[in-house]
Amino acid sequence: MSVVMDADRISRTLIRITHEIVERNKGVDGLAIVGVRTRGVHIARRIARSLLDIAGEPVPTGALDITLYRDDLMRHAVGPQPVLRRTEIPFSIDDRKILLVDDVLYTGRTVRAALDALIDFGRPKSIQLIVLVDRGHRELPIKADYVGKNLPTSPEESVQVRLQESDGVDEVVLQQEG
Amino acid sequence: MASERTDAPALRGLRRKDLLGIAELTPEEILLVLDTAEAMKEIGSRPIKKVPALRGKTVVNLFFEPSTRTRTSFEIAEKRLSADTLNIAIASSSVVKGETLADTALNLEAMQPDMIVLRHSSSGACHLLSRICKSGIINAGDGMHEHPTQALLDAFTIRERKQRLQGLKVAIVGDLLHSRVLRSNIHLLTKLGADVWVCGPPTLFPADISRFGVRATSVVEDAVEGADVVMLLRIQLERMQGAFFPSLREYFNVFGMTEERIRRAKPDAIIMHPGPMNRGVEIASEVADGPYSVILDQVANGVAVRMAVLYLLAGGAEHEEAA
């Protein structure tokens, strides 16, 4: 097990991504930020706070649960269904530029599900993807617009993002599966 | 809302294919259904009220008794989850030609449905089907036995208003004897720690009602005194073969929920009724339409709760994995 990002590194990375967002979108006008449950939401809230610090304007923030859109939902062997949590998008996404946030980008299947889920809420002007870690091994044609860290991995390894809000510590850990 | 709830429910999922009654559920399973229903409720407020979760699944709504609310509610829930639905009502089924319930079910099952939602006038009809069918069976009311999704939506509605069930005084007044809603609610509310009072004419008390861990009285004022929740049950004339009380008017005079009686409950008490209501029999119109009435919230929440049940059961029972 090795720590590939510590608390300082995560914090600096999120501030850097915030600056990239402001630069690319020429401010925060028309932006909204939506995190994928669970850890994507924590990262989304942190980025929203940094955007407020840097641009001085609040950006609407939401939470998306993609469980009901998973492509493996009814394909797994018989057994309990994944736990469902609330989706909270308390604003219209129509004609907004949506910043979609997840912790780890891997196969791309979660992002595919998130895109489908978002489109059911309206027709955004655009969707930009933010991930803290891109570990490669895509199975779908999906690419992030903002990447915290590119982390080459083997499929036998697992990448775990731990955050204060849910895990009591800020770190990204690379582990051998076993 | 949700202040007492953590992000992740204690339980990771339901490990069963059928929902036959509340009696066999654990408190953790009940809370999982209620938490899942909270997430489902949000879907009803979207511009596109549909998610792909049960795409390609077929659900048969098999109703051997008249029903508007429950059947419609299940059908909307199934459609919002993208399941294909099929409604079979008794009048148009082969039952009128003499087919037995088991044969009807086996014939339907030959067409490979994934779940059957069953309402039947015989207690235990769902248990029978669960033994002979591979499809998941959801009890939408069986005789005088149970109506589990009604109790779940009642609990959901109470929790939405009161944030909890533990320690609440719940008074259930009406036709206790014939009510499957009562039996399901007693199981659920006592499992989650509510203080349940039941009230009705002594002729309509089920035998050894006190064994269920509730307090029984025929004095409606005692039942309502200090209650957080007052739930009324319909007088089920269609199930009565005999004279249980002199007249509907006399029933209303002694047990009917009037504004005067409701004042004995807590000031923020809520009034519930599973429907269909008989105004002027078990409930006065001013109470049914009053500010403390959550009767229409119950109907709205029914869809979210049934979506939760359909979703959680669609995974099936784990012990089948080996088969």
Passes side-chain contact (heavy atoms from CB on, under 4.5 Å), A:L99 versus A:I21? Steps please. CA-CA 9 Å; A:L99 303 165; A:I21 293 167; 3.8 Å; yes
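- In this structure A:T61 satisfies the side chain to side chain donor-acceptor pair (under 3.5 Å) test with no other residue, sequence neighbours excluded.
- With a 4.5 Å cut-off on non-hydrogen atoms, A:S92 does not touch chain B at all.
- Sequence neighbours left out, the pairs with a member in residues 41-57 of chain A that pass salt bridge (charged side-chain N to carboxylate O under 4.0 Å, His left out) are A:R46-A:E165, A:R46-A:D170.
- Scanning residues 294-308 of chain B against chain A with a 4.5 Å non-hydrogen threshold yields no residues.
- The environment of B:K49 atom NZ is dense: over 12 non-hydrogen atoms of other residues, nucleotides or ligands sit within 6.0 angstrom.
- Side-chain N or O atoms of B:R119 include none that pairs as donor or acceptor with a backbone N or O of B:S67 at under 3.5 Å.
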Cut-off 3.5 Å, no hydrogens considered: what does the side-chain donor-acceptor table look like for residues 109-122 of chain A, sequence neighbours left out?
unit_1: A:R109; atom_1: NE; unit_2: A:E139; atom_2: OE1; d: 2.8
unit_1: A:R109; atom_1: NH1; unit_2: A:D71; atom_2: OD2; d: 2.8
unit_1: A:R109; atom_1: NH2; unit_2: A:E139; atom_2: OE1; d: 3.2
unit_1: A:R112; atom_1: NH1; unit_2: A:D116; atom_2: OD2; d: 2.4
unit_1: A:R112; atom_1: NH2; unit_2: A:Y69; atom_2: O; d: 3.0
unit_1: A:D120; atom_1: OD2; unit_2: A:Y69; atom_2: OH; d: 2.6

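- For B:K50, the part lying under 4.5 angstrom from a heavy atom of chain A is the backbone only.
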side-chain contact (heavy atoms from CB on, under 4.5 Å) between B:E42 and B:R46, worked out: CA-CA 7 Å; B:E42 176 270 326; B:R46 296 183 188 178; 2.9 Å; yes
